[in-house]
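Let me begin by presenting the structure, written as structure tokens, before commenting on it.
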Amino acid sequence: MASPWRRRRMCLLLGDRPAPAGLRSVSGSGAFLETNARPELGARVALRHPEAGEIQGLVQGISRDGIELRFECGEKSVAFALAAITADMSRPGF
């Protein structure tokens with residue numbers, strides 16, 4: 001997971017229109033994205049990570065600094081989360 005003192009891994013949130021998103025935290029059950037996009041609660045979106053690939057999620061929560069996604073927890077979501085965490089940990093300056 002991204003540490004608060006480091007830059008966020010930039011991802012692409014795919015909903016009504018593509019939007020940049022910073023991956024603040026990720027797990028096998030969901031993620032929190034720092035983004036200006038505000039899809040509706042319950043909307044189905046995709047999250048594209050530069051190394052982990054793409055995963056589908058539901059908008060679970062909205063706050064002033066981003067959105068919370070819920071993934072269907074299973075092998076694919078756990079693999080996505082592990083790949084995203086590994087990619088973040090292997091960045092210079094970790």
Side-chain angles (χ1 to χ4, degrees):
M1 287 182 239
S3 299
W5 57 87
R6 292 198 339 262
R7 290 180 305 170
R8 308 284 183 228
R9 174 66 69 173
M10 289 309 295
C11 299
L12 190 60
L13 179 66
L14 304 169
D16 291 338
R17 66 183 82 149
L23 185 59
R24 181 186 294 176
S25 65
V26 63
S27 72
S29 61
F32 186 88
L33 308 173
E34 293 177 348
T35 182
N36 290 327
R38 293 296 182 267
E40 292 188 28
L41 283 174
R44 182 166 293 282
V45 296
L47 175 61
R48 185 176 298 156
H49 185 279
E51 282 86 21
E54 186 171 310
I55 191 165
Q56 299 290 314
L58 292 175
V59 178
Q60 177 89 20
I62 300 173
S63 66
R64 73 178 165 78
D65 59 341
I67 63 171
E68 181 183 352
L69 296 183
R70 174 72 54 207
F71 306 142
E72 183 177 324
C73 194
E75 289 180 17
K76 182 176 180 173
S77 65
V78 171
F80 178 89
L82 288 174
I85 292 166
T86 301
D88 189 49
M89 290 174 65
S90 65
R91 290 177 70 186
F94 178 73

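Since the structure is predicted, the reported quantities are computational estimates derived from the model, not experimental observations. In this chain, residues are counted from 1 in sequence order.
- Under the side-chain contact (heavy atoms from CB on, under 4.5 Å) criterion, Glu51 pairs with Arg9, His49, Ala87, not counting sequence neighbours.
- Every side-chain contact (heavy atoms from CB on, under 4.5 Å) that Pro18 has, sequence neighbours left out, goes to Leu12, Leu14.
- Between Pro39 and Ile67 there is a side-chain heavy-atom pair separated by less than 4.5 Å.
- Atom CG in Leu47 sits 6.5 Å away from atom CG in Leu23 (nearest 0.5 Å).
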Acceptor/donor pairs from residues 71-78 side chains to any protein atom, 3.5 angstrom cut, sequence neighbours excluded:
residue : atom : partner : partner atom : Å
Ser77   : OG   : Gly28   : O            : 2.7
Ser77   : OG   : Glu72   : O            : 3.3
Ser77   : OG   : Gly74   : N            : 2.9
Ser77   : OG   : Gly74   : O            : 3.0

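- Every salt bridge (Lys or Arg N to Asp or Glu O under 4.0 Å) that Arg70 has, sequence neighbours left out, goes to Glu68.
- In this structure, the salt bridge (Lys or Arg N to Asp or Glu O under 4.0 Å) partners of Arg48, at least two apart in sequence or on a different chain, are Glu54.
- Partners of Asn36 under the side-chain contact (heavy atoms from CB on, under 4.5 Å) rule, at least two apart in sequence or in another chain, do not exist in this structure.
- The closest side-chain heavy-atom distance from Asp65 to Arg24 is below 4.5 Å.
- The line from OG of Ser29 to CG of Leu69 is 11.0 Å long, rounded to the nearest 0.5 Å.
- For Arg38 (side chain) and Ser63 (main-chain N/O), a donor-acceptor pair under 3.5 Å exists by modelled atom type.
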Self-check item: Residues Val45, Asp16; criterion side-chain contact (heavy atoms from CB on, under 4.5 Å); working and verdict
Solution: CA-CA 8 Å; Val45 296; Asp16 291 338; over 6 Å; no
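- Of all heavy-atom pairs spanning Pro50 and Met10, the tightest one is CD-O, 3.4 Å.
- Two different hydrophobic clusters hold Phe32 and Leu58 under the rule that ILVMFWY side chains link at heavy-atom gaps under 4.5 Å.
- Here the closest non-hydrogen pair linking Leu33 and Ala21 is CB-CB, 4.1 Å.
- Evaluation of the side-chain contact (heavy atoms from CB on, under 4.5 Å) rule for Leu41 yields Val59, Ile62 as partners, not counting sequence neighbours.
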